[in-house]
Amino acid sequence: MSKSIHTITSTAVPLREENVDTDQIIPARFLKATSREGFGENLFRDWRYNSDSSPKKDFVLNNPIYKGSILIGGKNFGCGSSREHAAWAIKDAGFDVVVSSFFGDIFKNNALNNFLLPIAVSEDFLQTLFTAIQKDPATELTIALPAQTITLNNTGEKETFEINHYKKTCLLNGYDDIDYLLSIRSEIEKFEQTHS
Amino acid sequence: MAKTLFEKIWDKHIVQTIKDGPSVLYIDKHLIHEVTSPQAFKGLEKRGMELFRPQQIVATVDHNVPTIDQHLPIKEELSRIQVQQLIANCKKHQVELYGLGHPYQGIVHVIGPELGITQPGMTIVCGDSHTSTHGAFGSIAFGIGTSEVEMVMASQCLLQTRPKTMRINVEGQLNKGVVSKDIILYIISQISASGGTGYFVEFAGSAIRSLSMEARMTICNMSIEMGARGGLIAPDETTFNYIKGRKFAPKGAEWDKKLAQWKELYSEEGARFDKEINIDAASIEPMITYGTNPGMGISVSGHIPALSAIEEKEKGGYIKSLSYMGLQAGAAVKGKKVDYVFIGSCTNSRIEDLRMVAAFVKGRKKADNVEVWVVPGSKQVEQQAIEEGIDKIFEAAGFHLRQPGCSACLAMNEDKIPAGKYCVSTSNRNFEGRQGPNARTLLASPLTAAVAAITGEIADIREFI
């Protein structure tokens, strides 16, 4: 897993579906592993493969003209189950960024904890991205975390995105929350003494 | 300033707040199960760390366990390994585990409340989105991912940004045949599967206060299905009476002390919510879903929305969803033949749910075209059902009473609905493939599920009671 994110320039894979729930991202029957690795092969399993495991030709991940480390989904991406396996599967399949107009809350946290950057853009900009990529699959996007911008390179259209300062620092530097929590253990112990 | 119930609990659990960042939230209880914990234990071990407060963690097995022959070794290899891994991890790290065969084993969100582990004013987390269930007791309870499970194991804390607050008031009397599952399915159908995203929701109003604890749990359980981080209900006499005397409930002087604290847990007059919604209980009818997200619900006697009623940009998804379900826009759902009925899950597998079904089913028989699975939420529910003779009623009706677990709610074990088949289910999600590849789920209350089992089709319970 690549730790730390700074600036990413890549083509993108457009998944024009709304309410993509984590059961679609990784169905429950694939949650039986006890490690974090290898979930990418079953990413979007039932949309991507027929029951005989042959690829479904019309699914975007099976279309060789779409590639890159940015996945774009319709609104309410990652709703449903809290399974972090969904974020692991997307990351394991080679994505570093997921763009949507908004995300399920738990998925968003899970993504951030795995250095998978969830970027919420306006509904209009999301449609602009889908249209541009549909017209030309070679369209490149640039995501600059320091400036918090997402740019369509060929037209220069851009939007800024929100991320809290703490999380941004973590992503830029490869820190995780556990590192921070461990650093304040004595304060947690002090809190416990008066907490009832 | 007047505080909401949520703010009172949240503020009491803040260890510190990072400038321009999240807060460090202290967690009182951490529930774990076999599916979302192994990587967290592994992560801690990789850091060479012990669990910070193992006595604040309770473990059970529920997600992938079989619901028949639980005394035998689990046949499915990967499930067996996952369960064995949890047993080994709990032993190594001194975590209390209610494994298969233990009288307290069951679905994590059923056993917490029934053992008195879940109490008002607490912060409770679990690597499962339906942790929101515990909010029925006036606690802040929410689902987390495995990295967060590891954080709580390491520090008993989480870094959290405070969600916005919403209050949903349901006032008035419920109609005949309408139960708590119908209330929550109705709410989600009104505000959509994403209408609660970013919020923590308090459910209030006379219709909510009139509900039992089991019924309140059903409502809070499904708050995640409108995208909310969690749901909660102010504790009252119903709550206190439920908790009193349970295994891990406070006793003696400790009870009196806690009770006094719990009585302070309510939203004060004039407290401000970021959003408030009012619902008239009388407008709620028995509900059923027809699509592939929990917001796609209608009255059982209603019609699936016509294509013309759907916004232009939503039409593609709508058509795809109905095509998956094999249903027609504009059609009625009543009279539609079904193949399976599943009564179970952390939403509706408690003793009250089983009693409700048994009361209707007594003296009746299931239709020949349906298979009916009843999966109790816990060993204690199973035992109670046997003591009350509910098992005999189900047997006479041709229902299968199975053993406790999550079962066909998410079909991680063998309990899968076959491709293309219709299942009226008391669970919480009708996502594509949720109950098995290409299975078609229709979410409903235990009463609506019971009448579907008897008639073999979608029917309106009001015509039978």
S.K.: Quick one: does NZ or CZ of B:K164 land under 6.0 Å from the six-membered ring centre of B:Y199, within 45 degrees of the ring axis?
M.R.: yes
S.K.: Quick one about A:Q148 and A:K168 (side-chain donor to acceptor, distance below 3.5 Å, no hydrogens or angles considered), yes or no?
M.R.: yes
S.K.: The test is salt bridge (charged side-chain N to carboxylate O under 4.0 Å, His left out); show your working for A:D176 and B:R47 and say whether it passes.
M.R.: CA-CA 13 Å; A:D176 66 25; B:R47 290 171 194 255; 2.8 Å; yes
S.K.: Between B:K19, B:R53, B:K416, B:H63, which shows the greatest number of heavy-atom pairs under 4.5 Å with chain A?
M.R.: B:R53
S.K.: As an exercise: rank A:G74, A:C79, A:S81, A:P27 by heavy-atom pairs under 4.5 Å with chain B and give me the winner.
M.R.: A:S81
S.K.: Tell me, side chain or backbone of A:D177 under 4.5 Å from chain B's heavy atoms, or both, or neither?
M.R.: both
S.K.: Taking side chain as everything from C-beta outward and backbone as N, CA, C, O, which of these in B:F52 sits under 4.5 Å from a heavy atom of chain A? Side chain, backbone, both or neither.
M.R.: both
S.K.: What part of A:E187 lies closer than 4.5 angstrom to a heavy atom of chain B: side chain, backbone, both or neither?
M.R.: both
S.K.: Among the options B:G198, B:A228, B:G227, pick out the one with the most heavy-atom pairs lying under 4.5 Å from chain A.
M.R.: B:G198
S.K.: Checking heavy atoms, do the side chain of A:Q127, its backbone, both or neither come under 4.5 Å from chain B?
M.R.: neither
S.K.: Heavy-atom count check: over 12 atoms from other residues, nucleotides or ligands less than 6.0 Å from B:E77 CD?
M.R.: no
S.K.: So which of B:Q160, B:K258, B:K320 has the biggest tally of heavy-atom pairs under 4.5 Å with chain A?
M.R.: B:K320
S.K.: I'd like to know if the side chain of A:R48 reaches the main chain of A:L61, judged simply by a donor and an acceptor atom lying under 3.5 Å from each other, with no hydrogens or angles considered.
M.R.: no
S.K.: Just give me the residue among A:H165, A:E192, A:R29 that pairs up with chain B most often, heavy atom to heavy atom, under 4.5 Å.
M.R.: A:E192
S.K.: Measure A:L31 against the heavy atoms of chain B and call it side chain, backbone, both or neither at under 4.5 Å.
M.R.: both
S.K.: Would you call B:H109 and B:S132 a side-chain contact if the rule is heavy atoms closer than 4.5 Å?
M.R.: no
S.K.: Is it the case that B:Q82 and B:H33 place a side-chain donor and acceptor less than 3.5 Å from each other?
M.R.: no
S.K.: What part of B:I224 is in contact with chain A, defined as an atom under 4.5 angstrom from a non-hydrogen atom: side chain, backbone, both or neither?
M.R.: side chain
S.K.: Does A:S82 reach the main-chain N or O of B:S129 with its side chain, forming a donor-acceptor pair under 3.5 Å?
M.R.: yes
S.K.: Roughly how far apart are A:I70 CD1 and A:L117 CG, rounded to 0.5 Å?
M.R.: 9.5 Å
S.K.: Between B:K313, B:E148, B:Q85, which shows the greatest number of heavy-atom pairs under 4.5 Å with chain A?
M.R.: B:E148
S.K.: Which answer fits A:K75, side chain, backbone, both or neither, if we ask what part of it has an atom under 4.5 Å from a heavy atom of chain B?
M.R.: side chain
S.K.: Which one wins on heavy-atom pair count under 4.5 Å against chain B: A:I106, A:N76, A:N164, A:D21?
M.R.: A:D21
S.K.: Would you indicate whether the side-chain heavy atoms of A:I143 and A:T7 approach each other to under 4.5 Å?
M.R.: no
S.K.: CG/B:N64 to OG/B:S79 distance, rounded to the nearest 0.5 angstrom?
M.R.: 4.0 Å
S.K.: Tell me which of these, B:R229, B:Q156, B:E314, B:Q261, has more heavy-atom pairs under 4.5 Å with chain A than the rest.
M.R.: B:R229
S.K.: Hey, are the side chains of A:I26 and A:L43 touching, using non-hydrogen atoms and a 4.5 Å cut-off?
M.R.: no
S.K.: What residue in A:N19, A:L182, A:D46 has the most heavy-atom pairs under 4.5 Å with chain B?
M.R.: A:L182
S.K.: Can you find a pair of side-chain heavy atoms, one from A:Y175 and one from A:Y180, that are under 4.5 Å apart?
M.R.: no
S.K.: Quick one: do the A:E84 and A:N114 side chains pair a donor with an acceptor below 3.5 Å?
M.R.: yes
S.K.: What residue in A:I178, A:D23, A:L181 has the most heavy-atom pairs under 4.5 Å with chain B?
M.R.: A:I178
S.K.: By a 4.5 Å heavy-atom criterion (distance strictly below it), what part of A:F103 contacts chain B: side chain, backbone, both, or neither?
M.R.: backbone
S.K.: Could you tell me which of A:A87, A:G104, A:G80, A:A86 has the largest number of non-hydrogen atom pairs under 4.5 Å with chain B?
M.R.: A:G80
S.K.: Go through the atoms of A:Y166 and report whether side chain, backbone, both or neither lie under 4.5 Å from a heavy atom of chain B.
M.R.: both
S.K.: Checking B:T123 side chain against B:D28 main chain: does a donor-acceptor pair fall under 3.5 Å?
M.R.: yes
S.K.: Non-hydrogen atoms of chain A under 4.5 Å away: do they reach the side chain of B:V24, the backbone, both or neither?
M.R.: side chain
S.K.: Measure B:K12 against the heavy atoms of chain A and call it side chain, backbone, both or neither at under 4.5 Å.
M.R.: both
S.K.: Tell me, for B:T131 versus chain A, whether the close heavy atoms (under 4.5 Å) come from the side chain, the backbone, both or neither.
M.R.: neither
S.K.: Is there a donor in the side chain of B:S147 and an acceptor in the side chain of A:N113, or the other way round, less than 3.5 Å apart?
M.R.: no
S.K.: Answer with side chain, backbone, both or neither: which region of A:F30 has an atom nearer than 4.5 Å to a non-hydrogen atom of chain B?
M.R.: neither
S.K.: Side chain, backbone, both or neither: which part of B:D20 has a non-hydrogen atom closer than 4.5 Å to chain A?
M.R.: both
S.K.: Can you tell which part of B:M49 gets under 4.5 Å to a heavy atom of chain A, answering side chain, backbone, both or neither?
M.R.: side chain
S.K.: Among B:K42, B:K257, B:E432, which has the most heavy-atom pairs under 4.5 Å with chain A?
M.R.: B:E432
